[in-house]
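In what follows, a single structure is set out as structure tokens and then discussed.
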Amino acid sequence: MINNKFKYTQFIKSEAKRLGFLSCGISKAGFLEQEAPRLENWLNRNYNGQMTYMENHFDKRLDPTLLVDDAKSVVSLLLNYYPSETQNPDSYKISKYAYGQDYHFVIKDKLKELLFSIQAEIGDVSGRAFVDSAPVLDRAWATKSGLGWIGKSGNLLTQKVGSFYFIAELIIDLDLEYDTAVTDHCGTCRACIDACPTEAIVAPYVVDGSKCISYFTIELKENIPIEMKGKFEDWAFGCDICQDVCPWNRFSKSHNEPLFDPIPIAIGTELLSMSKNDWEEITQETFNVVFKNSPLKRAKFSGLNRNITFLK
């Protein structure tokens with residue numbers, strides 16, 4: 001007799017691959033005991049800065065059974081966004097994940113299709129899809145599911161493909177076979193710690209989010225502190241420094257998701273070839289049209305404009 005748990009697990013992993021996910025790992029839904037004191041300590045030190053939403057739903061962040069009734073399994077998925085080409089090096093920089101369409105919609109559609117496939121194949125399975133927009137500790141679940149380890153930079157790392165990927169989850173009420181965590185392979189390396197211009201990695205594996213360039217350029221709603229002047233290395237939206245210097249990212253391979261290809265700016269102008277002058281000349285109207293389906297809309301035109309003005 002075929003073990004149903006094994007059969008269902010293999011089916012889910014093969015469907016994830018068909019949908020273009022880089023990898024899929026599964027772990028048993030339950031309270032994240034080791035993460036609780038870490039999260040509490042991180043919040044007590046105010047490392048979340050103005051990201052007050054991180055303080056909400058503390059219990060739900062640590063226990064997916066409070067998010068999905070009768071949750072049994074957390075299916076963790078990685079989706080590659082590493083581009084085949086990067087920006088003009090003399091321009092204002094935006095994080096590689098923001099070159100194309102907003103990943104929330106791209107991944108949500110894939111997760112809905114995955115859940116639909118599970119229901120069509122297995123029957124009455126309930127669940128919810130999560131893409132970085134609900135109180136789920138993505139990296140903790142990905143680690144528990146054997147997809148990588150959390151590096152000194154706070155990013156999820158893998159030996160095969162580095163860290164340029166999105167993490168998402170499907171939490172379902174189905175018992176499956178569970179993966180085991182992998183070991184840490186950061187060793188004595190401190191490339192990310194030494195390279196961070198704002199010293200946001202305050203200790204190995206501890207990131208003060210309120211010092212991160214991504215925080216200043218995306219999350220912070222007021223003026224950027226003057227003491228940060230000259231430290232952003234031309235990053236206008238997000239920052240990839242800790243990932244760019246990580247030795248494991250030598251193994252990054254370019255994605256094959258057309259929706260993550262660089263968005264067209266105008267006839268004859270392509271996102272990656274934009275100069276500083278091109279960025280400075282963007283108007284509110286152009287921003288609304290060009291970036292309406294882009295991650296950049298999170299910063300709004302006013303935020304992007306503030307960031308560029310700060311960098312001049």
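Numbers here are sequence positions counted from 1. Note that the coordinates shown come from a computational prediction; the quantities given were computed from them, not determined experimentally.
- A donor-acceptor pair under 3.5 Å is absent between the side-chain atoms of Arg139 and the main chain of Ile150, judged by distance alone.
- A donor atom on one side chain and an acceptor atom on the other are not found under 3.5 Å apart for Asp102 and Tyr97.
- One N or O on the side chain of Lys221 and one on the backbone of Ile218 form a donor-acceptor pair closer than 3.5 Å.
- Residues Gln50 and Glu222 have side chains that bring a donor and an acceptor to within less than 3.5 angstrom of each other.
- Inspection of the Ser302 and Asn305 side chains reveals no N or O donor paired with an N or O acceptor under 3.5 Å.
- Classified by interplanar angle (parallel below 30°, tilted 30° to 60°, perpendicular above 60°), the ring pair Phe166/Tyr103 is parallel.
- Checking Asn249 against Ser163 by side-chain atom types alone, a donor-acceptor pair falls below 3.5 Å.
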For this session: Determine, step by step, whether Lys276 and Asp234 satisfy the salt bridge (charged side-chain N to carboxylate O under 4.0 Å, His left out) criterion, reporting the C-alpha distance in whole Å, the side-chain angles of both residues, the deciding distance to 0.1 Å, and the verdict.
Result: CA-CA 10 Å; Lys276 284 186 175 178; Asp234 283 334; 3.1 Å; yes
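- Both Val136 and Val75 are members of a single hydrophobic cluster when ILVMFWY side chains are connected at heavy-atom separations under 4.5 Å.
- When every heavy atom of Met274 is checked against every heavy atom of Ser91, the shortest pair comes out as O-OG, 2.8 Å.
- Residues Asp70 and Thr65 fail the side-chain proximity criterion, which asks for heavy atoms closer than 4.5 Å.
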Problem set entry | Glu15 and Arg18: CA distance, side-chain angles, deciding distance, salt bridge (charged side-chain N to carboxylate O under 4.0 Å, His left out) verdict | CA-CA 5 Å; Glu15 278 298 286; Arg18 181 184 69 79; 2.9 Å; yes
Exercise. Can you check salt bridge (charged side-chain N to carboxylate O under 4.0 Å, His left out) on Glu177 and Lys13, steps first, answer last?
Worked result: CA-CA 11 Å; Glu177 295 210 329; Lys13 290 188 174 184; over 6 Å; no
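- Residues Pro262 and Glu270 approach most closely at CB-OE2, 3.1 Å, considering heavy atoms.
- Cys246 places a side-chain heavy atom less than 4.5 Å from the side chain of Leu157.
- Residues Asn88 and Ser273 have side chains that never bring a donor and an acceptor to within less than 3.5 angstrom of each other.
- At least one side-chain heavy atom of Leu114 sits under 4.5 Å from a side-chain heavy atom of Leu77.
- Judged purely by atom type and a 3.5 angstrom limit, Asn41 has no side-chain atom pairing as donor or acceptor with the backbone of Pro37.
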Problem set entry | Val161 vs Phe251, side-chain contact (heavy atoms from CB on, under 4.5 Å): CA-CA, chis, key distance, verdict | CA-CA 5 Å; Val161 287; Phe251 303 108; 5.8 Å; no
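- Checked by atom type and distance alone, the side chain of Arg250 pairs as donor or acceptor with a backbone atom of Pro247 at under 3.5 Å.
- A continuous path of hydrophobic side-chain contacts links Tyr8 to Leu170 [ILVMFWY only; heavy atoms under 4.5 Å].
- Here the closest non-hydrogen pair linking Tyr92 and Ala236 is CB-CB, 4.0 Å.
- Between the side chains of Ser275 and Asn277, no donor-acceptor pair is found at a separation under 3.5 Å.
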Exercise. Can you list the steps and then say if Asp244 with Ile241 is a side-chain contact (heavy atoms from CB on, under 4.5 Å)?
Worked result: CA-CA 5 Å; Asp244 286 337; Ile241 292 172; 5.5 Å; no
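- In this structure, Leu176 CG and Lys5 NZ are separated by 8.5 Å, a value rounded to the nearest 0.5 Å.
- Side-chain atoms of Ser95 come within 3.5 Å of backbone N or O of Cys239 as a donor-acceptor pair.
- Taking the ring axis of Phe310 as reference, the NZ or CZ atom of Lys229 stays within 45° of it and closer than 6.0 Å to the ring centre.
- Across all non-hydrogen atoms, the minimal contact from Met228 to Ile224 is CB-CG2, 4.1 Å.
- Residues Trp141 and Val182 are members of separate hydrophobic clusters, defined by side-chain heavy-atom contacts under 4.5 angstrom among Ile, Leu, Val, Met, Phe, Trp and Tyr.
- Taking both residues in full, the closest heavy atoms of Tyr99 and Gln87 are given as OH-N, 3.3 Å, listed atom of the first, atom of the second, then distance.
- A donor and an acceptor atom, one from each side chain of Ser254 and Ser84, are nowhere located under 3.5 Å apart.
- In this structure, Leu220 and Pro225 have side chains that are in contact, with non-hydrogen atoms separated by less than 4.5 Å.
- With hydrogens and angles disregarded, a donor-acceptor distance shorter than 3.5 Å links the side chain of Asn48 to the backbone of Met51.
- Here the CG-OH distance, from Leu22 to Tyr82, works out to 14.0 Å after rounding to the nearest 0.5 Å.
- A donor-acceptor pair is defined here as one N or O able to donate and one able to accept, closer than 3.5 Å; no such pair exists between the side chain of Ser294 and the backbone of Lys297.
- Applying the side chain to side chain contact (heavy atoms under 4.5 Å, CB included) test between Ile172 and each of Val74, Val68, Leu115 identifies Leu115 as the sole match.
- Counting only N and O atoms by type, the side chains of Glu169 and Ser76 include no donor and acceptor under 3.5 Å apart.
- Phe105 CZ: 12 or fewer foreign heavy atoms inside a 6.0 Å radius.
- Using a distance-only test at 3.5 Å, with no hydrogens or angles considered, a donor-acceptor pair links the side chain of Asp240 to the main chain of Lys96.
- Summarising the geometry, atom CG belonging to Leu111 is positioned 11.0 Å from atom CD1 belonging to Ile171; distances are rounded to the nearest 0.5 Å.
- When side chains are defined from C-beta on, Ile122 counts as touching Leu174, because their heavy atoms get closer than 4.5 Å.
- The CZ atom of Phe21 lies 9.5 Å from the CD atom of Glu257; values are rounded to the nearest 0.5 Å.
- Under a hydrophobic clustering in which Ile, Leu, Val, Met, Phe, Trp and Tyr are joined whenever their side-chain heavy atoms come within less than 4.5 Å, directly or via other members, Tyr47 and Leu43 fall into the same cluster.
- In this structure, OG1 in Thr198 is found 11.5 Å from CD in Glu227, a value given to the nearest 0.5 Å.
- When side chains are defined from C-beta on, Tyr165 counts as touching Thr158, because their heavy atoms get closer than 4.5 Å.
- The heavy-atom pair separating Trp149 from Cys186 by the smallest distance is NE1-SG, 3.3 Å.
- Cluster membership for Tyr205 and Val207, using ILVMFWY side-chain heavy atoms within less than 4.5 angstrom, is not shared.
- Using modelled atom types, no side-chain atom of Ser27 and backbone atom of Lys144 make a donor-acceptor pair closer than 3.5 Å.
- Ser73 and Tyr178 are linked by a side-chain donor-acceptor pair at a separation below 3.5 angstrom, with hydrogens and angles left out of the test.
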Problem set entry | Candidate pair Phe301 and Ile282, rule side-chain contact (heavy atoms from CB on, under 4.5 Å), full reasoning | CA-CA 9 Å; Phe301 173 72; Ile282 288 178; 4.2 Å; yes
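- When only modelled atom types and interatomic distance are considered, Asn288 and Gln284 share a side-chain donor-acceptor pair under 3.5 Å.
- Panel note: side chain Asp138, backbone Ala168; no donor-acceptor pair is recorded below 3.5 Å.
- Inter-residue side-chain proximity for Trp279 and Leu304 is flagged as met; some heavy-atom pair is nearer than 4.5 Å.
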Problem set entry | Candidate pair Glu35 and Arg61, rule salt bridge (charged side-chain N to carboxylate O under 4.0 Å, His left out), full reasoning | CA-CA 10 Å; Glu35 291 301 319; Arg61 281 184 195 281; over 6 Å; no
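- Residues Leu271 and Pro264 fail the side-chain proximity criterion, which asks for heavy atoms closer than 4.5 Å.
- Classified by interplanar angle (parallel below 30°, tilted 30° to 60°, perpendicular above 60°), the ring pair Phe260/His255 is perpendicular.
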